[in-house]
Amino acid sequence: MTSRRVSHIGIFTATTLLLAALVFPQTIDSEKSLFLCLPAYGAIAIALLVAAATVGLDCRRDIFCLIATLMFVGYIIVRALTSPAAYVARADLYCVLTALTVYGLTVSVINSAAMRLAVLVSLLVFAVFHVLVGLVQFGIGENFMVLPFLQSTELSKRSSGLYVDPDHLAGLLEVLGILGLSVACWSRLPGWMKVVVGYLTLNCYVGAALTGSRGGYISIIVSLIVFAGLSAIVLRADRAFFSRRYGAIGLIVLTAALASGGFLIHQSPALSERVANIAAVDQGRLDMWRAAIEQWKLAPVFGTGSGTYLFYGRQFRVERMQMDPIDVHNDYLHLLCEYGAAGAAGFLFFLFAHCRHGWRSFICLGSERVAAGGVPLSDRLALNIGALSAIGAYVVHSVVDFNLHIPANDLLLAFVFGVVANPGIEPRPGVSRSWLASPVKFAFVASAVILLVQCARLFPGEYYAEHARDALEEEEPSSAVSYANEALKWEQQDPNVFFYLGRASMAMAHEKPRLELRSELSERALTAFEKARRLVPLDGTYAAEIASVYDELGRFAEAEWMYGIARSRDPRSVAMSELYQNHLTAWENGARKRSW
């Protein structure tokens, strides 16, 4: 087999694995589940290693983009590894490692316009399934119910497609939509192919309209403004050529998208209400933002650590916020409170470096090339304009949502930044440094190796832990205990496993008629809950579970101590206050019985 054929096979394999890994996280039930994301993470690691072995990595790119990326990602990794919530921090740790690998793969291997267009068109095709599900959820797509995967879809006021949350689907479709619009307008694809891309783009904007995401609506408008501004700059160089031959395609797609989206919104009272209140203040979000700011004040330079908003959000929430504040609903404040000013500065450097390089590449691919006599249409220019517009959309959308904490959307944006960092043109003299290539190659390969090893190591424990959770939900405590014990053979740092074990042990204790058996199982539950509490001391949930077991055993003084810890972690929780009042009542009743 010739080396050229090996290279082609390597590139095809890497591209296929990347595409599969970008699609798979969009289809899973839990958007942030580490267990469900690990196969996709492993596939991306394999893709980069296959490419490195068969093709090699071309890392002679813009020095500022590469340095900014490695600095920012490196800091996130270090802060995640040093987080006081080690297991919870894994979600950020492995997602950012995977994003770095996707970025490296895009920058150094999948750097031809043809391969990138193939990935984009494939994602646009898959977005059709999101919109089909969304139409059924929205109540206007009953004719599609013949498809097996749509038969269990329930009606809702806002469509979420294959995602759990409509806002996250909007975060996906706004990126794919603007990339598709740019390709339909500026690429050199054949006319029939541009028509196909135009329809797929229209599908994305229709799906985005169905989500009812106010942040998504605003982000789409911003991305269209950026797209229009960049397009106008190129049009100034050769306005007649473009407007005469190709300008109508983009205008038709955009007009159809806006008309279709507006019609769907107008037909739905729920969506119409959200559009009417697009500028209304969301008090719940403001409460979470204030809690994040209070958390940031605890450690303003380096933050409190990855994954810790889950705990400090409870500690600093107001009384009207009784839902568990898992995410800040603002990527910037989330970054600030968990990673501090250092993390925020790293992100700003990263964003500035890529926007700067993207703008320079745009000038080179657009107005300068056209002014020199080049044809305005260019696949690389289409991807460049679309990528810059997509970044503009996320810069805005991240103010009100947390799409960058959703693996599927985060990996897609890593691909977009990779397109910006390497637009497929030779770097200008003085911008690229050959001495940087080897360290960057090492960083990309090392991230892929570490990611692959960790995916293989963590998967069995996550697999059995997931089965333990399912068994507990199905009220099969003996099976939950069995799965939890199996998970502990692979993983000792997951507090959820000890939590499942403790809950299942208590459920079995309630089934036992003999007091000694019940006491033994209760002691096992106490041991399991205590191990979970030691792993995540910031979480008051496990202390509350321990207190509940002590109450059942009649050890009220020890329960009082644990309730004190639990209430200090979540002082404004109504549910916690009710549990504590029940504890006081039980203690009082127990004291009365002893006095008799």
Side-chain angles (χ1 to χ4, degrees), residues 31-32 68 71-73 75-80 82-85 88-89 91-93 95-96 99 165 167-168 170-171 174 213-216 218-219 222 278-352 355 391-407 409-410 413 417 538-539 569-572:
E31 296 169 353
K32 298 176 69 174
M71 287 179 61
F72 177 54
V73 172
Y75 175 76
I76 296 295
I77 291 173
V78 171
R79 196 65 190 94
T82 57
S83 172
V88 181
D92 279 1
L93 174 62
C95 186
V96 77
D165 191 290
D167 294 327
H168 304 153
E174 68 193 31
S213 172
R214 293 177 295 174
I218 296 174
S219 301
V222 170
I278 199 167
V281 176
D282 188 331
Q283 191 60 53
R285 277 182 168 84
L286 291 179
D287 290 338
M288 289 185 283
W289 296 354
R290 292 190 187 101
I293 293 172
E294 292 300 318
Q295 177 182 344
W296 170 67
K297 291 178 181 178
L298 297 176
V301 178
F302 298 111
T304 56
S306 177
T308 53
Y309 179 76
L310 174 64
F311 314 116
Y312 287 109
R314 296 169 182 164
Q315 185 172 335
F316 293 117
R317 65 174 160 187
V318 296
E319 290 184 1
R320 61 173 170 263
M321 172 58 68
Q322 289 302 310
M323 294 182 63
D324 218 7
I326 299 174
D327 293 282
V328 183
H329 284 264
N330 183 311
D331 280 323
Y332 305 117
L333 287 178
H334 205 142
L335 177 70
L336 187 66
C337 70
E338 292 190 349
Y339 297 93
F347 169 74
L348 290 175
F349 181 34
F350 169 83
L351 182 64
F352 169 76
C355 289
I391 291 173
Y394 259 49
V395 165
V396 174
H397 203 163
S398 291
V399 174
V400 294
D401 278 312
F402 52 98
N403 279 289
L404 295 182
H405 284 81
I406 303 302
N409 293 357
D410 190 62
L413 207 61
F417 274 106
L538 291 173
D539 195 342
R569 302 299 186 202
D570 199 352
R572 297 178 181 85

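We number each residue from 1, following the sequence as shown.
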Run the side-chain donor-acceptor check on residues 339-348: report pairs under 3.5 Å with partners two or more places apart or on a different chain.
{"from": "Tyr339", "atom 1": "OH", "to": "Asp92", "atom 2": "OD2", "distance (Å)": "3.0"}
{"from": "Tyr339", "atom 1": "OH", "to": "Ser306", "atom 2": "OG", "distance (Å)": "2.9"}

Original post:
Going by the angle between their ring planes, with limits at 30° and 60°, are His334 and His405 parallel, tilted or perpendicular?
Top reply: parallel

Original post:
Do you know which of Val96, Asp331, Leu335 makes side chain to side chain contact (heavy atoms under 4.5 Å, CB included) with Leu404?
Top reply: Asp331

Is the backbone of [Y] close enough, under 3.5 Å, to the side chain of [X] for a donor and an acceptor to pair up by distance?
X: Glu338; Y: Gly307; value: yes
X: Asp165; Y: Asp167; value: yes
X: Ser219; Y: Ala393; value: yes
X: Arg214; Y: Val400; value: no
X: Asp327; Y: His329; value: no
X: Arg317; Y: Met323; value: yes

Name all residues meeting the side chain to side chain contact (heavy atoms under 4.5 Å, CB included) criterion together with [X]; count only those two or more places apart in sequence or in a different chain, and write none if there are none.
X: Arg572; value: Glu319
X: Glu294; value: Lys297, Phe316
X: Pro84; value: Thr308, Leu538
X: Ala292; value: Tyr309, Val328, Leu333, Cys337

**OP:** Could you tell me whether the side chain of Ile406 reaches within less than 4.5 Å of the side chain of Asp401, counting heavy atoms only?
**Re:** no

Original post:
Can you list the residues that meet the side-chain hydrogen bond (donor to acceptor under 3.5 Å, both in side chains) rule with Asn403, with sequence neighbours excluded?
Top reply: Asn409

Original post:
Closest approach of Leu298 and Tyr312, non-hydrogen atoms and distance?
Top reply: CD1-CE2, 3.5 Å

